[in-house]
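Take a look at the structure set out below.
All heavy atoms count here, side chains included; hydrogens, waters and symmetry mates do not.
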Amino acid sequence: MPKQKSNGKNNSQYDDLYKIRHSAAHVMAQAVLERYPEAKIAIGPPIKDGFYYDFDLGRNPDGSPRTFTPEDLEAIEKRMRQIIAGKHRFIKRVISADEARELFKDQPYKLELIEGLEKGGVDEYGEPVEGAVEISTYRQDAFEDLCRGPHVEHTGQIPPDAVKLLHVAGAYWRGDENRPMLQRIYGTAWKNKKQLKAYLNRLEEARKRDHRRLGRELDLFSTNHEMVGGGLILWHPKGALMRHLAEEHAKKMHLEGGYEFVYTPHIGRSVLWETSGHLDFYKENMYSPIEIEGQEYYLKPMNCPFHVQIYKSRVRSYRDLPIRFAEWGTVYRFERSGVLHGLTRVRGFTQDDAHLFCAPEQMPEEIDRVLHFSISLLQDFGFERFQLYLSTRPEKRVGEEEKWDAAETALLEALKRSGHPFDINEGDGAFYGPKIDIYVEDALERPWQLSTIQFDFNLPERFDLTYVGADGAQHRPYMIHRALMGSMERFFGVLIEHFGGIFPVWITPVQVAVIPITHEQNDYAAGVAARLRDAGLRVTMDDSNDRMNAKIRNAQLQKIPYMLVIGGREVEQQTVNVRLRNGRRLGAMSVEEFIVLAREACEKREVI
RNA sequence: GCCGACGUAGCUCAAUCGGCAGAGCAGCGGUUUUGUAAACCGCCGGUUAAGGGUUCGAGUCCCUUCGUCGGCUCCA
């Protein structure tokens, strides 16, 4: 995963919002110090949508860390508005390291930052900077903070009605879980009240689209921590149907793309995982072994060793290559309890996994193919914006330099040819090979990692994979590990949030609700439903005692794309009256006309 | 795992200072037959997450455990 630029200065380095947020953070720190004079202050950068500041409030008499209360937040926010109203100037001062140490002698975290600044090379947030580092402070009112700036001219330029403190969270100093946990206050700040309101609306919109909420409302999936366990997903019929439709499509694409499907077991002997290196490098993410007849078996966290064994089951010739083994492989990985989240972070999941084995000269084309395949598959599901990342060789790595050179070049060239924007994360590759990650941007412009395409120089060596070349000699194949949707669970979480439950017609679990107005029309309506089912549409027939209005409401809440209202007039004219879930009414048409309409929406993968 | 907030019916939420566990929706039974987002009546539904403690009395206060949520860390 690419490192999120935490200070939000990627594009608009020192724009107005940056200054407002950065200044708001200082004002908040002042307010906190006034309330808790003994508090130690850490860092307070602007971030995407706002800012935060980390504090160490010391300990309670009983030794537990002192924390902020909701009342604190209110009082701090109130005091911030007073400071803002004071129109205090932000005054910059460039000082020496010794002066800084004297100024912040009671602030141990600042002293540590000064230490780093003096050494140079990194800024106060620990990010690399070029050239010598100048130590500076900014003061507003009676509060002076170690800071490189920039800030607004005076506190009055922070719009008081566009600032809001959001919540408190624990955060480790310097992001290191072995160091003290600080109290972080998150806030948001904008140029004006309207922007703040729009942001809060966006949060509310995101809340409504939360896949955990929609999963329950649309009856797609559930979890049951008491009886089943955390991070383990129960797919309900409607969710399972959607997954089936998605898999059906993706599997067809894989077959057309030259992949061969394999099935492999969920457990394997310890020697397999010793050989693959998983027990050396991945053990903390694997579950305890199961003992069978004195042998230890491990639940698989990955499918690769099994695919490698299939490769090794016979002598491979260069004529066989490339070999592309694909499997919807269910894997289990231990995740710490605090990180589990709905469908997007789970302990058991099914990857659309595949492993490509090819000769060196075939490698560039394989990369091109898999990159195109991935983007085009994601486009089929309605994703339109992609951000690609190339992760290059890390310091600790296996494999020969020539292989890294060739693989990185192939990945880079393929990225350039793809026409999609990409960034390079130097040194962020796995120890066993470089990789491309594909992020999709959802309807709320949030990035989600789905695809990953990874070289593997490790397993071919460890398992001594070979093929016989045209020269009759043994050669080592290249191996590429790839998952396009990533995992079915995560993919569905993202899909649900992207569409907010308003799915494209082809994949939506119930496409049509047939709604007779009175019992008089039940027979005709049942006939219509049967004809639609014969035409391959997924239909529900609402012959309950509810009024038509209630039937429509229920269909709307289930986000069913088409509602066919049938009253006396429709029976008489042998038609259906079509209402779309967006409220549009298409009026009366024949059943045949409707079938053509709905089929077209499926073929074109329309949302309607 | 760590910090914080929280945990009451399937869902959303009430319950004054520690004093009879309640409502809407959903479900079930009936009545109603209605023209584009909620008809009406009735019934069912609870070990207040679990366990312990304080108290005449605990949903409410205290402790432990589990879980959820927001972050942090992690996501070879």
Angle class for the A/Tyr562/A/Phe594 ring planes (parallel below 30°, perpendicular above 60°, tilted otherwise)?
->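 If you compare the ring of A/Tyr562 with that of A/Phe594, the planes turn out perpendicular.
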
Indicate the ring-plane relationship of A/His278 and A/Tyr282, choosing parallel, tilted or perpendicular according to the 30° and 60° boundaries.
->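 Rings of A/His278 and A/Tyr282: perpendicular, as their planes differ by over 60°.
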
Looking at the side chain of [X], which of [options] is the nearest nucleotide?
{"X": "A/Asn577", "options": "B/rU36, B/rU12, B/rG70", "value": "B/rU36"}
{"X": "A/His278", "options": "B/rU34, B/rA76, B/rG70", "value": "B/rA76"}
{"X": "A/Thr67", "options": "B/rC3, B/rU34, B/rC74", "value": "B/rC3"}
{"X": "A/Met181", "options": "B/rG71, B/rG35, B/rU34", "value": "B/rG71"}
{"X": "A/Phe281", "options": "B/rG70, B/rA76, B/rC75", "value": "B/rA76"}
{"X": "A/Glu570", "options": "B/rU31, B/rC3, B/rG35", "value": "B/rG35"}
{"X": "A/Ala169", "options": "B/rA37, B/rU34, B/rG71", "value": "B/rG71"}
{"X": "A/His225", "options": "B/rU68, B/rA37, B/rC74", "value": "B/rU68"}
{"X": "A/Val339", "options": "B/rU34, B/rU36, B/rC72", "value": "B/rC72"}
{"X": "A/Arg345", "options": "B/rC3, B/rC74, B/rC11", "value": "B/rC74"}

If I take atom [atom1] in residue [X] and atom [atom2] in nucleotide [N], what distance separates them, rounded to the nearest angstrom?
{"X": "A/Lys208", "N": "B/rC11", "atom1": "NZ", "atom2": "P", "value": "21 Å"}
{"X": "A/Leu166", "N": "B/rG4", "atom1": "CG", "atom2": "P", "value": "19 Å"}
{"X": "A/Phe51", "N": "B/rG71", "atom1": "CZ", "atom2": "P", "value": "16 Å"}
{"X": "A/Asp54", "N": "B/rG71", "atom1": "CG", "atom2": "P", "value": "15 Å"}
{"X": "A/Arg336", "N": "B/rA76", "atom1": "CZ", "atom2": "P", "value": "14 Å"}
{"X": "A/Leu340", "N": "B/rC66", "atom1": "CG", "atom2": "P", "value": "14 Å"}
{"X": "A/His211", "N": "B/rC69", "atom1": "NE2", "atom2": "C1'", "value": "13 Å"}
{"X": "A/Trp173", "N": "B/rC2", "atom1": "CH2", "atom2": "C1'", "value": "18 Å"}

Expressed in whole Å, how much space separates the [atom1] atoms belonging to [N] and [M]?
{"N": "B/rC69", "M": "B/rC11", "atom1": "P", "result": "14 Å"}
{"N": "B/rG59", "M": "B/rG51", "atom1": "P", "result": "13 Å"}
{"N": "B/rC40", "M": "B/rG45", "atom1": "P", "result": "24 Å"}
{"N": "B/rG57", "M": "B/rG42", "atom1": "C1'", "result": "35 Å"}
{"N": "B/rG22", "M": "B/rC62", "atom1": "C1'", "result": "27 Å"}
{"N": "B/rC74", "M": "B/rG67", "atom1": "P", "result": "22 Å"}
{"N": "B/rG35", "M": "B/rA39", "atom1": "P", "result": "12 Å"}
{"N": "B/rG4", "M": "B/rU16", "atom1": "P", "result": "27 Å"}

Name the orientation of the base relative to the sugar in B/rC17: syn if the glycosidic angle is within 90° of 0, else anti.
->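 Syn conformation here, the glycosidic angle of B/rC17 being no more than 90° from 0.
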
With distance as the sole criterion, do the side chain of A/Asn545 and the base of B/rU32 form a donor-acceptor contact below 3.5 Å?
->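 Yes, a donor-acceptor pair under 3.5 Å.
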
Check: A/Arg553 side chain, B/rU36 base, donor-acceptor under 3.5 Å =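 A donor-acceptor contact between them is absent.
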
For a quick check of understanding: with a heavy-atom distance under 4.0 Å over all strands, which category does [X] fall into, base, sugar-phosphate or nothing?
{"X": "A/Met302", "result": "base"}
{"X": "A/Gly338", "result": "base"}
{"X": "A/Arg569", "result": "base"}
{"X": "A/Tyr186", "result": "sugar-phosphate"}
{"X": "A/Ala430", "result": "nothing"}
{"X": "A/Gly583", "result": "nothing"}

Who pairs with [N] - Watson-Crick or G-U, where each distance is under 3.5 Å:
{"N": "B/rC72", "answer": "B/rG1"}
{"N": "B/rU32", "answer": "none"}
{"N": "B/rG24", "answer": "B/rC11"}
{"N": "B/rG19", "answer": "B/rC56"}
{"N": "B/rC6", "answer": "B/rG67"}
{"N": "B/rU48", "answer": "none"}

I want to check one thing: is the phosphate of [N], taken as OP1 and OP2, less than 4.0 Å away from some side-chain N or O of [X]?
{"X": "A/Arg212", "N": "B/rG70", "result": "yes"}
{"X": "A/Arg490", "N": "B/rC75", "result": "no"}
{"X": "A/Tyr172", "N": "B/rG71", "result": "no"}
{"X": "A/Ser337", "N": "B/rG1", "result": "yes"}
{"X": "A/Arg584", "N": "B/rU36", "result": "no"}

Would you call [X] and [Y] a salt bridge, using N to O less than 4.0 angstrom?
{"X": "A/Arg569", "Y": "A/Glu572", "value": "no"}
{"X": "A/Arg202", "Y": "A/Asp49", "value": "yes"}
{"X": "A/Arg179", "Y": "A/Glu112", "value": "yes"}

Starting from the 5' end of RNA chain B, give me the residue, A/Glu335 or A/Gly567, whose nearest nucleotide shows up first.
->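 Result of the comparison: A/Gly567.
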
What about the rings of A/Trp273 and A/Phe306, do their centers lie closer together than 6.0 Å?
->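 Close enough - the centres of the two rings lie under 6.0 Å apart.
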
Compute the ring centroids of A/Tyr53 and A/Phe55, then answer whether they are less than 6.0 Å apart.
->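 For A/Tyr53 and A/Phe55, the ring centres are under 6.0 Å apart.
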
Apply the salt bridge (Lys or Arg N to Asp or Glu O under 4.0 Å) test between A/Glu497 and each candidate in A/Arg209, A/Arg207, A/Arg446; give the one that qualifies.
->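 For A/Glu497, the salt bridge (Lys or Arg N to Asp or Glu O under 4.0 Å) check succeeds only for A/Arg446.
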
Has the side chain of A/Lys300 got a donor or acceptor atom that lies under 3.5 Å from a matching backbone atom of A/Tyr332?
->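 Checked: no pair found.
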
Atom CG of A/Asp219: over 12 foreign heavy atoms under 6.0 Å =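 Yes, CG of A/Asp219 has more than 12 neighbouring heavy atoms, counting only those of other groups under 6.0 Å.
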
